[in-house]
Amino acid sequence: MLQFDQVELPAAAEALRAQVREFLREQAAQLPRPNSDFGSGHDPEFSARVGAKGWIGMTWPKEYGGGERSFFERYVVTEELLAAGAPVGAHWIADRQSGALILRYGTEAQKQQYVPPITRGESFFSIGMSEPNSGSDLASVRTTAQRTADGWLVNGTKLWSTDAHRNHHMIALVRTEPLGDNRHAGLSQLVIDLRNDGAEIRPIKNISGHEDFNEVVFADVLIPEDRVVGEPGNGWQQVTSELAYERSGPERFLSAYRVFVELVRLVGDTPAPHEADAIGRIASHLMTLRRMSISVAGMLEEGKSPEVEAALVKELGNNFEKLVPEIARMAAPLAAESTDFRRAFTDTLLGSPAFTIRGGTREILRGVIARGLGLR
Amino acid sequence: MSTDTLHIDTASRIFGDHCDKALLDAAEAGEFPQALCQVLADNGFLQLAMHDSGFALADAFAVIRIAGRHALPVPLAEIMLANRWLNQTDALATVGLAAGEKITAAPWATQAKLVVGVSELGADAIVVRVGDVEQGANLAGESRDQVAATASEPLACGSDEPYELLALARTVQTAGALERVLELSLDYAGEREQFGRPISKFQAIQHNLAVLAAEVAAAVRAGDAAAAALGTPRQRVEIAAAKARVGEAAGVVAEIAHQVHGAMGFTHEHRLHHFTRRAWAWRDEFGNDVFWRRELGAHIASVGADAVWDFIATRG
Ligand SMILES: Cc1cc2nc3c(=O)[nH]c(=O)nc-3n(C[C@H](O)[C@H](O)[C@H](O)COP(=O)(O)OP(=O)(O)OC[C@H]3O[C@@H](n4cnc5c(N)ncnc54)[C@H](O)[C@@H]3O)c2cc1C
C-alpha cells in the first residue's frame, strides 16, 4: 500500500528557509508581478543570483558545483521561491532534471562541461520529449539521429518545447536505431545546443497569448559525436528516470498559489462565512499536499525512487491547482478587474488546462498509480 | 520505535480478530459488544489516553485510526478520552454533545455510568451520572443516545480542548475506514470478472481506483499531521485542516468504492457498507467540513495575506 510517512523538516532546512526569505526580500523591488507557476517567469539575472546563493543543484556533488545538501533543503528552497512568485523558469528544468540526468548517466566530460554552469544559474535547459505525433506515447518518437563520420545527423520535429527560444540547451529523445520489435530499444538522448546547432525554433502562442513553448525543427542538423548523454541506446531508461524527478516537487501543487494569497488579501481580516469557507477549503488541501510532498522528499533523501508516490502527489496537486480558481471565484464574484486578485485569477485560470497535461497527463498518472496498486 | 508500533500491532491483531461481520451487525442491531469491550479493557486500550498511561496522546490516536479501519463497534475514542478527563477506568464512561438540558449523540449511554458532554463553543465540559436514556443511532447504525443533563457538574479537562480531540478522533477513524475501503475495493476489482476478465483490467476502473487511493493517502497524511500537532499551538488549525480534508475525501472514496462494487456492494450482506456508512457519518460528527473550513479560513484571514505563507509552511 502507498505510504506517506509523517516527516518533519530538519532544523537545517528550516534555517535555510529564513535565508531564502531574506534573499527574496532583498530582491523584491526587482521582481516582476509574482506568479507561482514555475513556468511563468524567465529571468536569467534572477537565476544567476539564485545560483550564486548555492541554490541550484543543491543535492549534487560539490565536485561539479553542487551543494551536497539534503532533499529537504532543496524542497524548502523550491517551495519558498514558488510561494513568493519568483521568476524561476530559466533554471528550473536544468535544476530539476537535466543536471541530475547528466550527473547520473553522462560521461565525465559531459558532467564537467554542463553541470557547473547549471549550478551557477548560467546555463538553461529545455525538455525535448514531445513531438507532433508523440505525446503520452513517448516511446513512439520519430525524430532520428543517424551516426555519420562527422557526428549525429538529426532529422525530425520536437514540439511544445518550453523556453527553447530562450534557453541554451535541450535534451532531446531521439531514435538512433531503426524501430525493431522492442520499441523501447534504440532510443538515445542528445544534448542540443539550441543557439548554435542550427535547429529552427518557432514559438507557439498559447491561450494566454504568451509565447512560451515552441516547435523545434531539425533538418539535417549535425551534432558532434560526444553529445549523446551516456550510452547510445539507453535513452528509454534515462528518460523514465528523468520523469520521476519531473513529478515530485512543490511546483505540482503551487501553480495556483497566488490566487489563494490574493483571495486572503481581498476578503480582509473579517471574512464572511462563505469567504472563510473558501479560504479554509483551499488551505486544507494545500497543507495536506505540502505534507505529502515533504514525505516524497523524505523518500528521495532515503535513496528510494518514489515514482508512484510522486505521480500520486502530482495527480492530487494538479487537480487542486485547477480547483483553486473554481473555489475562489465563488467566494469573490465581485472582485474588480483591476485587483491583484483578478489578475492572479485570470492568469491561473488561463494557465490551468496545462496543469493536468504537462509533465504527464492526468490519465497517464492515474495509470502509473494503478500500476503501483497492482492493477496492471 | 518498537514500543511505538507494538500497541499498533496489538490493536490491529485484536481488532481484526474480533470485528467480524456478525459482531458489527449485532452491534448495529443494538447489542453492546461486551466481550470485546472486556478484551479492550484487559489489554489496556481503554486507558491508553490517560495522563499516566506512558503513551503519548498521539499514540492513542494511532490506535483510534486502527479502530476505524476495523469499524470497531466499541466507542473506543470516547471511552479513552472520557477516562482521560475523568481520570478513572473503573466505570464505563462515554462522551456526547452538551446541548442545553441534554447530552446528545453519546454512544452506548445505556452501558455507561458517566457521560461527558462537550461543546463546540469552548473547553468547558460537563459530566453527568446517567439516568434516563433515549436510544438513537447515527446513519451507520452506531449507538448515539440522549441523556438528561440534570445535575451536571463542570469537568476540568486541563489544557485539552475536548471538542478538538473528538474531531481529531473522527478524522483518524475516518482515515482508517477509508484505508479499509481501498483494500476492499482493490480486492473486489481483482476478483470480480466481467467480459472475460477481472474488472481491474478496465482502464476506467483503474483510474477510479487511482483517484480513490490518492484521496485515501491524503486522508491518512492529513490525520497523521494533525495528530502530530497535538499539544502544540497549531493543534486547532491542524485539526481543522485535517477534519475538513478527510471529510472531503470520505465522500469521494465512498462514492467510487460503491461504484466499483456494483450491486454487490449495495447489499447488507457485503462488508463494504460498514465502512462507507461510518465514513459518511463521521465526516458530519464533531464539526463537518464546512464548520472546520470556516474556522481555519477565519484564522488565516486574521493572519493576513502577507503572513499566509508563513502560516502554511510552519511545521513539516
Ligand atoms: C504548457 C506545456 C508545456 C510543455 N512543455 C513541454 C516541454 O518543454 N517539452 C516536452 O517535450 N513536452 C512538453 N509538453 C508536452 C507534454 O509533455 C504533452 O502535452 C503530454 O505528454 C501529452 O501529450 P499530448 O499533448 O500529445 O496529448 P496526447 O498524448 O495526444 O493525449 C490527449 C489526451 O488523450 C489522453 N490519453 C493519451 N493516451 C492515453 C491512454 N493510453 N489512456 C487514456 N488516455 C490517454 C491524454 O491523457 C489526454 O487527455 C508541454 C505541454 C504543455 C501543455
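Only a predicted model underlies this, so the values are computations on that prediction, with no experimental measurement involved. Naming: A, B, ... by sequence-line order, numbering from 1 per chain.
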(message) Does atom CZ (B/R271) have a neighbourhood of more than 12 heavy atoms from anything else shown, all under 6.0 Å?
(response) no
(message) If I compare all heavy atoms of B/A228 with all of A/Q6, which pair ends up nearest, and what's the gap?
(response) CB-NE2, 3.3 Å
(message) I want to check something: taking the side chain as every heavy atom from C-beta on, are B/E238 and A/M287 in contact at a cut-off of under 4.5 Å?
(response) yes
(message) Can you give me the closest heavy-atom contact between A/L316 and B/R245, atom names plus distance?
(response) CD2-NH2, 4.0 Å
(request) Please indicate whether B/E193 has more than 12 foreign heavy atoms, meaning atoms of other residues, nucleotides or ligands, lying under 6.0 Å from its CD. (result) yes
(request) Could you pull out the closest heavy-atom pair between A/R17 and B/A313, with the gap in Å? (result) NH1-CB, 3.6 Å
(request) Considering only heavy atoms and a distance below 4.5 Å, find which of B/V211, B/D289, B/V220 pairs most often with chain A. (result) B/V211
(message) I'd like to know if B/D310 pairs up with A/R21 as an ion pair, taking the criterion as any Lys NZ or Arg NE/NH1/NH2 lying under 4.0 Å from an Asp or Glu carboxylate oxygen.
(response) yes
(message) Report which part of B/F291 has an atom under 4.5 Å of a heavy atom belonging to chain A: side chain, backbone, both, or neither.
(response) neither
(request) Let me know if B/E248 has heavy atoms under 4.5 Å from chain A in its side chain, its backbone, both or neither. (result) side chain
(message) Set out, in order, the CA-CA distance, both residues' side-chain angles and the distance that settles side-chain contact (heavy atoms from CB on, under 4.5 Å) for A/R265 and B/D306, then state yes or no.
(response) CA-CA 8 Å; A/R265 199 185 315 282; B/D306 292 327; 3.1 Å; yes
(message) Does any backbone or side-chain atom of B/V303 lie under 4.5 Å from a heavy atom of chain A? Answer side chain, backbone, both or neither.
(response) neither
(message) Given B/H207, which partner from the list A/R362, A/R366, A/E315 fulfils the side chain to side chain contact (heavy atoms under 4.5 Å, CB included) test?
(response) A/R366
(request) Heavy atoms only: give me the nearest B/R221-A/S295 pair and the separation to one decimal. (result) NE-OG, 2.9 Å
(message) To check you understand the geometry: which heavy-atom pair defines the closest contact between A/V264 and B/A301, and what is its length?
(response) CG1-CA, 4.4 Å
(request) Search all heavy atoms of A/T288 against all heavy atoms of B/A218 and return the closest pair with its distance. (result) CG2-O, 3.4 Å
